[in-house]
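All of these numbers come straight from a predicted model, not from anything done at the bench.
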Amino acid sequence: MAMVELQRNNVTVAEFLRYAQAACAKQGLERGFSRDDFEHPHNPEHSSYHVVDGVKRCHFKYYRTVTRWGRKLGPHGYFTDELYTYEETELACVDQEWPGEDAPCKAETCRNFPYDFQTYMLGWDGCCYNEICEFTFDDDKRGHGYYFQVSKDADAA
């Protein structure tokens, strides 16, 4: 079993990811994402499932843009009869259940939001892979980050 866990404060994103890359290299692991994908994911979403009693319970979160209607504000602070539209981005959630006999893993999570990444897989044979990377800005350029990765083979119980 190989494992890396670290936290860094008062660092830039580039410095933090270099720390994580160096720590992974010492353990013989590889960081599973690029800086560009970490900062600007192509499809920001979270999906996960776990199989319990033959049922695959799935959970999805994704951003969607919706059009909303509003009333215009008049000169005296009262709403008028005039309507306007505006777009708003919101996080949508969907839960579903499926038969679990074709699931490739016992559990899986993929989270890919800007500065918030996770890949988790738990195999039927007990093998496990989990990688988490989160970064929060404290000002325009610097912030604090958390990185964790574990890789366990099925035979390493």
Side-chain angles (χ1 to χ4, degrees), residues 1-70 85-138 142-157:
M1 179 170 81
M3 186 175 103
V4 172
E5 185 173 27
L6 63 91
Q7 288 180 287
R8 291 292 183 267
N9 297 311
N10 196 25
V11 292
T12 65
V13 173
E15 290 171 335
F16 174 67
L17 292 177
R18 276 195 302 271
Y19 282 123
Q21 185 68 37
C24 287
K26 282 183 180 179
Q27 294 293 323
L29 298 171
E30 193 172 312
R31 197 180 72 212
F33 57 92
S34 70
R35 178 179 173 182
D36 187 50
D37 287 338
F38 183 61
E39 293 181 300
H40 311 286
H42 299 291
N43 192 18
E45 66 180 5
H46 172 117
S47 64
S48 65
Y49 71 83
H50 61 280
V51 179
V52 177
D53 296 330
V55 177
K56 182 178 174 184
R57 292 183 170 87
C58 306
H59 181 72
F60 304 97
K61 290 182 184 177
Y62 59 95
Y63 285 110
R64 67 179 177 190
T65 303
V66 294
T67 302
R68 305 246 191 245
W69 291 86
T85 61
Y86 62 97
E87 290 188 343
E88 195 172 67
T89 301
E90 66 182 16
L91 188 63
C93 299
V94 177
D95 291 313
Q96 296 176 333
E97 289 187 355
W98 301 87
E101 60 266 0
D102 292 338
C105 300
K106 187 174 182 178
E108 185 175 336
T109 297
C110 296
R111 183 177 65 231
N112 200 11
F113 292 120
Y115 306 102
D116 185 7
F117 172 87
Q118 180 180 10
T119 298
Y120 169 73
M121 291 177 278
L122 175 62
W124 292 105
D125 59 359
C127 64
C128 177
Y129 174 81
N130 192 9
E131 183 177 29
I132 300 169
C133 189
E134 300 168 342
F135 189 86
T136 304
F137 286 94
D138 297 327
R142 302 183 85 70
H144 57 278
Y146 173 77
Y147 182 84
F148 174 81
Q149 186 180 145
V150 65
S151 183
K152 183 184 96 155
D153 293 330
D155 54 9

Nearest heavy-atom approach of C133 to F38 is O-CE1, 3.4 Å
Can you tell me which residue pairs pass the salt bridge (Lys or Arg N to Asp or Glu O under 4.0 Å) test with a partner in residues 32-50, sequence neighbours excluded?
R35-E39
Got a sec, which pairs hit salt bridge (Lys or Arg N to Asp or Glu O under 4.0 Å) with one end in residues 6-22, sequence neighbours left out?
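Every pair satisfying salt bridge (Lys or Arg N to Asp or Glu O under 4.0 Å) with a residue in residues 6-22: E15-R142.
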Restricting to side chain to side chain contact (heavy atoms under 4.5 Å, CB included), what partner residues turn up for F148, sequence neighbours left out?
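Per chain and number, F148 pairs via side chain to side chain contact (heavy atoms under 4.5 Å, CB included) with M3, E5, N130, I132, Y146, V150.
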With sequence neighbours left out, the residues meeting side chain to side chain contact (heavy atoms under 4.5 Å, CB included) with T136 are H144
Once you measure the plane-to-plane angle for F135 and F16, does it fall in the parallel (<30°), tilted (30-60°) or perpendicular (>60°) bin?
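Answer is tilted, since the angle falls between 30° and 60°.
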Reported [atom1]-to-[atom2] distance for the pair [X] and [Y], which is rounded to 0.5 angstrom:
X    : Y    : atom1 : atom2 : result
T85  : R68  : OG1   : CZ    : 12.5 Å
Y62  : C93  : OH    : SG    : 9.0 Å
Q149 : S151 : CD    : OG    : 7.0 Å
F117 : H46  : CZ    : NE2   : 12.5 Å

Distance-only donor-acceptor pairs under 3.5 Å for side chains of residues 22-31, two or more places apart:
from, atom 1, to, atom 2, distance (Å)
R31, NE, F33, O, 3.2
R31, NH1, L17, O, 3.0
R31, NH2, F33, O, 3.4

Determine all donor-acceptor pairs shorter than 3.5 Å in which one atom belongs to a side chain in residues 96-114; sequence neighbours excluded.
from, atom 1, to, atom 2, distance (Å)
Q96, OE1, W98, NE1, 3.3
E97, OE2, R57, NE, 3.3
E108, OE1, Y49, OH, 3.2
R111, NE, D116, OD1, 2.8
R111, NE, D116, OD2, 3.4
R111, NH1, Q118, OE1, 3.1
R111, NH2, D116, OD1, 3.1
R111, NH2, E134, OE2, 3.4

Answer yes or no: does atom OH of Y120 have more than 12 heavy-atom neighbours from other residues, nucleotides or ligands under 6.0 Å?
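Check passes, neighbour count above 12.
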Given 3.5 Å as the limit, does a donor-acceptor pair link the side chain of E131 with the main chain of G32, or not?
yes
Is it true that Y115 and F137 have ring centroids separated by less than 6.0 Å?
yes
With no hydrogens and no angle check, just 3.5 Å: does a side-chain donor-acceptor pair link E88 and Y86?
no
